[in-house]
2 protein chains.
Amino acid sequence: MLTLSEENYIKEIYHLDVVADKGISTNAIANKLQTKASSVTDMIKKLADKKVLIYKKYQGVTLTDFGKKAAANIVRKHRLWEVFLVDKLQFSWDEVHDVAEQLEHIKSPKLIDKLDAFLGFPKRDPHGDIIPDKKGNVQAQEQLLLSALIKDDIGICVGVKDSSAAFLQYLDKQKIALGQEIKVIDKEPFDGSVIIKTQNKQFSVSQKIATNLYIQKI
Amino acid sequence: MLTLSEENYIKEIYHLDVVADKGISTNAIANKLQTKASSVTDMIKKLADKKVLIYKKYQGVTLTDFGKKAAANIVRKHRLWEVFLVDKLQFSWDEVHDVAEQLEHIKSPKLIDKLDAFLGFPKRDPHGDIIPDKKGNVQAQEQLLLSALIKDDIGICVGVKDSSAAFLQYLDKQKIALGQEIKVIDKEPFDGSVIIKTQNKQFSVSQKIATNLYIQKI
DNA sequence: AATAATTTTTAGATTAGTCTAAAAATAAAT
DNA sequence: ATTTATTTTTAGACTAATCTAAAAATTATT
Ligand SMILES: [Mn+2]
Ligand SMILES: [Mn+2]
Ligand SMILES: [Mn+2]
Ligand SMILES: [Mn+2]
């Protein structure tokens, strides 16, 4: 059985694992978890003992298959709870994360199965992130950042890379929601900003916005 | 802010407080929480520092108003989650307690308000226990144990005193559910058993059953 | 290749929550 | 009113999770 702290470490390592291909460094973990490197070293030793990850001194860590499954399950719970909060309890998408951080640690396989069914077996969470299935598998997703599109490309807005409240509230303000169609009218090479058209309105978004919004081309 | 352990102590003391009128003894708490008396002594000192309860050496403890409110809030959360599990996720009433023990510690006032509304502001949990309101007040309830009724009394089954899975499953087997009408046909003084009629069936229940079922006379 | 900078690990402390065993206080029984 | 039994508290120890400061290893730079 994993403790709450162990679960948080595993989940963060899992998220870091998606991008990196080498071992995940002690410092990278410490930054994400807002702890000190020395604390991370202590914890990864414990997690290595528990066969959750492979650790060689100074080489960083990689999750074992067991560790990956455990992590995917926590992510699954986190995202299902986020769907619950938004779909059933009318939370807005910028206020669900902290509560889901707590709910993801509730231990009851039955609860998650029933919640999944109650929600209608959702595929994505309110931020467009894919919900891992019961076995820990994550559906591949062919999506691009808005910044990767070119003039005249059309796509559906399917997710956010940054899911901070600030960014989500910006999107709300601009009436950009997931599921919505977006057309790239033009791009400004100088500052990377993108002129888009959505809901019959045409306006410019900065590069920072464009590199944090996932689009599925159609 | 209270830790998970502190919350569990407070909640148990609150439950013990309802019955006893003197201070709650160290041993009573230790028994309920399955810990040692020495651990309880340590914890109640900490809780006294936090103004949750009054503690005088060897005299047991009593909750302060602040402590009572905190406890009622945990109980409120526990019971609302139980309603959610039964009403929305189709759990049976004998399998919700352990999950609710975890969910009751989720910290988010907004979550509980929204959950309460989502559930239609229930007054009682699946075991017939009154759900404290937001301010920590508990509605008075005029209910008797089945064992306190006499021949020809009629009432509605409104709650259980023992909510162990074993007892709840017994009730399921006998098709005794909350909200149901029960008539006392006769009582056997020798062993305290009670002959009841419900749903057109007439049968005898033991004293143990009769002292664990709450009835509201009509 | 040697030196400097950075990262990672170790050593030692701290806090929360728990335990066992012994001491002290209270309650019960002679 | 003593003695005995029970309850409660204290003293000291343990584990989990964290920290600071120092040592060791790795990486980057001259
Ligand atoms: Mn989230
Ligand atoms: Mn999310
Ligand atoms: Mn319960
Ligand atoms: Mn209940």
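To find a chain, count down the sequence lines: A is the first, B the second, and so on, and within it residues start at 1. Because the structure is a prediction, the values reported are computed rather than measured.
Checking side-chain atoms of Q102(B) against main-chain N and O of K107(A) turns up a donor-acceptor pair under 3.5 Å. No donor-acceptor pair closer than 3.5 Å links the side chain of K88(B) to the backbone N or O of F118(A). Panel note: side chain K51(B), backbone T64(B); no donor-acceptor pair is recorded below 3.5 Å.
The side chain of T3(A) has dA16(D) as its nearest neighbour among dA16(D), dT8(D), dT9(C). For T35(B), taking side-chain heavy atoms from C-beta onward, the closest of the listed nucleotides dT9(D), dT8(C), dC19(C) is dC19(C). For K45(A), whose side chain is taken as the heavy atoms from C-beta onward, the closest listed nucleotide among dT18(C), dT10(C), dT10(D) is dT10(C). Side-chain proximity of S25(B) to dT18(D), dC19(C), dT8(D): nearest is dT8(D). Picking from dT9(D), dT18(C), dT8(C) the nucleotide with the shortest atom distance to the side chain of T26(B) gives dT9(D). Which of dA21(C), dT18(D), dC19(D) sits closest to the side chain of S38(A) comes down to dC19(D).
Here S5(B) lies in heavy-atom contact (under 4.0 Å) with sugar-phosphate atoms only.
Distance CD1 (I44(B)) to P (dA16(C)): 17 Å, rounded to an integer number of Å. Distance M43(B) CE to dT9(D) P: 15 Å, rounded to the nearest Å. At whole-Å resolution of the value, CD in Q34(A) and P in dT18(D) are 13 Å apart. Atom-to-atom, CG of N8(A) to P of dA16(D) comes out at 17 Å; the value is rounded to the nearest Å. At whole-Å resolution of the value, CG in D42(B) and C1' in dT9(D) are 9 Å apart. If you measure from atom NZ of K36(A) to atom P of dT14(C), you get 18 Å, rounded to the nearest angstrom. Atom OH in Y9(B) sits about 14 Å away from atom P in dA16(C), given to the nearest Å. Taking atom CD1 of residue I29(A) and atom P of nucleotide dT7(C), one finds them 14 Å apart after rounding to whole Å.
Contact record, V160(B) with L171(B): CG1-CD1, 3.6 Å, taken as the closest heavy-atom pair.
In the region residues 53-64 of chain B, proximity to DNA chain C at under 4.0 angstrom, judged on heavy atoms, holds for Y58(B).
The side-chain hydrogen bond (donor to acceptor under 3.5 Å, both in side chains) with H127(B) is formed by just one residue from the set H97(B), K161(B), E82(B); it is E82(B). Of the options L146(B), I150(B), I215(B), a side-chain contact (heavy atoms from CB on, under 4.5 Å) to V184(B) is made by L146(B) and by none of the others.
OP1 or OP2 of dT6(D) has not a single side-chain nitrogen or oxygen of N27(B) nearer than 4.0 Å. Of the side-chain N and O atoms in T41(B), one or more sit less than 4.0 angstrom from OP1 or OP2 of dT9(D).
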Exercise for the section: Quick one: do D116(A) and R76(A) satisfy salt bridge (Lys or Arg N to Asp or Glu O under 4.0 Å)? Show the steps, please. Expected result: CA-CA 10 Å; D116(A) 193 21; R76(A) 170 176 164 77; 3.1 Å; yes
